[in-house]
**Student:** 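This is the structure, below, for whatever I ask next.
Just so you know, these numbers use all the heavy atoms, side chains as well, and skip hydrogens, waters and symmetry mates. So that the names make sense, note that chain A is the first sequence line, chain B the second, and so on, each numbered from 1.
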Protein chains: 2
Amino acid sequence: MTVTRKSPTIQDVAREAGVSTATVSRALSTPDRVSQATRERIEAAIAATGYTLNQAARSLRRQRAGTIVMAIPNAGNPYYSSILDSVLAEASSRGYGVLVSNRVQGDPTVWLRDYFQSSRADGLLLFDLTLDIASMRRFMTEHGNLPIVVVGDEMVEPGINLVTSDNREATGRAVEHLVGLGHRNIGFVTGPTMHDYPNERLLGFRQAMGRNGLPLREDWIIPGDHRMDSGYRAGSAFLTLAERPTAMVCANDEMAIGFISRVQQAGLRCPQDVSVIGFDDTDMAQYVSPPLTTMRQKRAELGAISTAALLDIVEGMRDPAKPVRIILRCDLVVRSSTAPLPGAAEAPAPRLRR
Amino acid sequence: MTVTRKSPTIQDVAREAGVSTATVSRALSTPDRVSQATRERIEAAIAATGYTLNQAARSLRRQRAGTIVMAIPNAGNPYYSSILDSVLAEASSRGYGVLVSNRVQGDPTVWLRDYFQSSRADGLLLFDLTLDIASMRRFMTEHGNLPIVVVGDEMVEPGINLVTSDNREATGRAVEHLVGLGHRNIGFVTGPTMHDYPNERLLGFRQAMGRNGLPLREDWIIPGDHRMDSGYRAGSAFLTLAERPTAMVCANDEMAIGFISRVQQAGLRCPQDVSVIGFDDTDMAQYVSPPLTTMRQKRAELGAISTAALLDIVEGMRDPAKPVRIILRCDLVVRSSTAPLPGAAEAPAPRLRR
DNA sequence: CGGCCGCATGTAATCGATTGCATTTATCCG
DNA sequence: CGGATAAATGCAATCGATTACATGCGGCCG
């Protein structure tokens, strides 16, 4: 029969087990406050009735939702997909649901209100730092001191929970990879300046160039916005340079791919004519041609670690006075878009015009 | 003061507006059952107190969560990201949250239980048909007749709500695009056979080949699993063929990209030596080299339409006796990975070795 | 043996919004 | 003008789980 069978409630379990609902509830939430024997009877009753607890009722009573919000700027960007993957895995293994919130616009507090004031969610995993973080923090503090963990971006502001990558340091290692191949004339394609982490990458580039005693030419620093076609346009800009670098560091993979595709169009070869290194190691990087050398961000770890940290805070398992601050190291992944400078190794030869 | 200020409740609004909570509730849910004047007073009171309703309480009382579940096989696959995007947009515009559920394994009912029996969610958007759909339907029927909408896959089973693309027909058009370019020897790289839609694509290929009187050679039908490296391996298989097709239809873009990258490695040029057409038009397709000709699935529409349909059912705005069945047409997107067969048009010339 | 302590469990109030039913008020018609 | 009808609103029970407080029970110590 397809009659709508009502879900069993805690009452049904209590009746079945011959105890009060209070005891059943305790057996579920604080098992050590219930005697061994009763606990077993209750477990049997739960199995017999097929009971699962009603989240809405628990949330209402506990004033806690069992859900976190993951706010991302653009779910359409594949960069987030593997992060989403790991966030979901971590959250669901701890019994939490994940509400994904995409492309928030305007005043973030009106949107926070929807989720948090109405107790739909207990914490925020924030990937989008174009938002006004100060007002968000104020809002969250005023509404039950709900925690925020910022992921994947740098934050000057103190006291914020942060999980990110070592963007500056990793970009330095990208430069040094090129230096190790004999390159001295190295350019850079920047990311959008409204985020901090692309600026960190640029800073890392500048510092590494200085550290290695290399020429830092401003006309070799080409602005981009992380999208593929800005890399493509950067390629056009590169082609018009009177004197060109022999290697480029791109602030992310998409731009590196766009860049390469533009210079290939113009008949240049990568890596023979120009070495290119990207950043992130997105899924695409290994399949473009040539396969891209890049600094890998540990995206799965970013998701898992930040989620774990957020839930620890939500559950009060962490001293709120000590904000989380975790910086993951990126890994250099060498593929085929970088190669030794032709004729290097013995003497830094003058650049050849083909 | 950073003291935790309690969220205003419907009581506060009622007091402020000088009415009962019942009236406030009605003003929110069924505004036409409340007089103009009172409604305005209540709206003012809501603004004054900063009230937002407590979802947990509403869910508990209404036995409805205000949330849907989106079940996908692999959030790490960028194919889903733009769908996710549109699902989120549609759901949130109607006041619903979206819980994303990734990579369900094993018996789906134990996982359904978590979400649905505990009234965490009101409906299911199902993208993953490797699951046992019959038992899922039974479960959902037994628990308050919760609706399922299957997205992006074919379903033989009748009575199921379905939103998908015209995979078979579109693959036929892909073949005819190649035929129009003069190709007669056409191969195919298949998708994983445990889903229905890749089989539909294969079937569409076979039918179109027959319809156009073209040779259908089984050794030109190369198995793949939709992942990029299976396309790469298909490229290797292609290279070992004694006699090769002049064009390939790949069951999705990833495999087309993998395929092209493999044959390019072997020194073949695309499209001069072999034309390749993909399926889906993922974000990557336009940026690889050569930019990929492909059949575009309207992914944003898939997400938006299926979500709208699901919510219509949830809200009882649709006759449950008439299941949804929407098939979206794919669009041919011509880029540079397909080209006229050299020497075609006048006479089907024998293939040239470079 | 009496009193005290602590463990296990029960009682009942509570979280905040919804809604069936009752009540009041306004409207209309003969 | 009386009474019937409809519209607006209020009253209070309810959804299901949690938890402060109360109770009962056994054991231990002086």
**Student:** Do any N or O atoms of the protein come closer than 3.5 Å to N or O atoms of nucleotides 15-20 of chain C, and which pairs are they?
**Tutor:**
from: C:dC15; atom 1: O3'; to: A:Gln63; atom 2: NE2; distance (Å): 3.4
from: C:dG16; atom 1: OP1; to: A:Gln63; atom 2: NE2; distance (Å): 3.4
from: C:dG16; atom 1: OP1; to: B:Lys6; atom 2: NZ; distance (Å): 3.3
from: C:dG16; atom 1: N2; to: B:Ala57; atom 2: O; distance (Å): 3.4
from: C:dA17; atom 1: OP1; to: B:Tyr51; atom 2: OH; distance (Å): 2.7
from: C:dA17; atom 1: OP1; to: B:Asn54; atom 2: N; distance (Å): 3.4
from: C:dA17; atom 1: OP2; to: B:Ile10; atom 2: N; distance (Å): 2.3
from: C:dT18; atom 1: OP1; to: B:Arg58; atom 2: NE; distance (Å): 2.5
from: C:dT18; atom 1: OP1; to: B:Arg58; atom 2: NH2; distance (Å): 2.8
from: C:dT18; atom 1: OP2; to: B:Ser25; atom 2: OG; distance (Å): 2.7
from: C:dT18; atom 1: O5'; to: B:Ser25; atom 2: OG; distance (Å): 3.4
from: C:dT18; atom 1: O2; to: B:Arg61; atom 2: NH1; distance (Å): 2.7

**Student:** Which atom pair, heavy atoms only, marks the closest approach of A:Leu112 to A:Met140?
**Tutor:**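 Heavy atoms only, the tightest pair is CD2-SD, 4.1 Å.
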
**Student:** Counting only side-chain nitrogens and oxygens, does A:Ser35 get under 4.0 Å of the OP1 or OP2 atom of C:dT9?
**Tutor:**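 It does, given that an N or O in the side chain of A:Ser35 lies less than 4.0 Å from OP1 or OP2 of C:dT9.
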
**Student:** Can you confirm whether the side chains of B:Arg26 and B:Thr38 place a donor and an acceptor under 3.5 Å from each other?
**Tutor:**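 There is no such pair (donor and acceptor under 3.5 Å, judged by atom type) between the side chains of B:Arg26 and B:Thr38.
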
**Student:** Contact class for B:Thr38 vs. all strands (heavy atom < 4.0 Å): base, sugar-phosphate, or nothing?
**Tutor:**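 Contact class for B:Thr38: sugar-phosphate only.
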
**Student:** What are the two closest non-hydrogen atoms of B:Tyr51 and B:Pro8, and how far apart are they?
**Tutor:**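 Heavy atoms only, the tightest pair is CD1-O, 3.3 Å.
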
**Student:** With heavy-atom distances below 4.5 Å as the criterion, would you say the side chains of A:Tyr115 and A:Thr67 are in contact?
**Tutor:**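 Counting from C-beta outward, A:Tyr115 and A:Thr67 never come under 4.5 Å.
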
**Student:** Of all heavy-atom pairs between B:Leu310 and B:Gly123, which one has the smallest distance, and what is that distance?
**Tutor:**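 Residues B:Leu310 and B:Gly123, closest heavy atoms: CD2-C, 3.9 Å.
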
**Student:** Strictly distance-based, threshold 3.5 Å: is any side-chain N or O of B:Ser59 a donor or acceptor partner for the main-chain N or O of B:Arg64?
**Tutor:**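 Between the backbone of B:Arg64 and the side chain of B:Ser59 there is a qualifying donor-acceptor contact (under 3.5 Å).
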
**Student:** With sequence neighbours left out, what residues match A:Tyr197 under ring pair (Phe, Tyr, Trp, His ring centres under 6.0 Å)?
**Tutor:**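 In terms of ring pair (Phe, Tyr, Trp, His ring centres under 6.0 Å), with neighbours along the sequence ignored, A:Tyr197 is linked to A:His195, A:His226.
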
**Student:** If we fit an axis to the first five pairs and another to the last five of the helix from C:dC1-D:dG30 to C:dG30-D:dC1, what angle do they make, to the nearest 10°?
**Tutor:**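 So the angle between the two local helix axes works out to 40°.
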
**Student:** Output the rounded distance in Å from CZ (A:Arg15) to P (C:dG10).
**Tutor:**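 Distance check: A:Arg15 CZ to C:dG10 P gives 14 Å.
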
**Student:** Could you state the CZ-P distance from A:Arg41 to C:dA8, rounded to the nearest angstrom?
**Tutor:**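 These atoms are roughly 14 Å apart.
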
**Student:** Answer yes or no: is there a donor N or O on one side and an acceptor on the other, between the side chain of A:Arg41 and the main chain of A:Val19, under 3.5 Å?
**Tutor:**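 The answer is no, because no donor-acceptor pair under 3.5 Å joins these two groups.
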
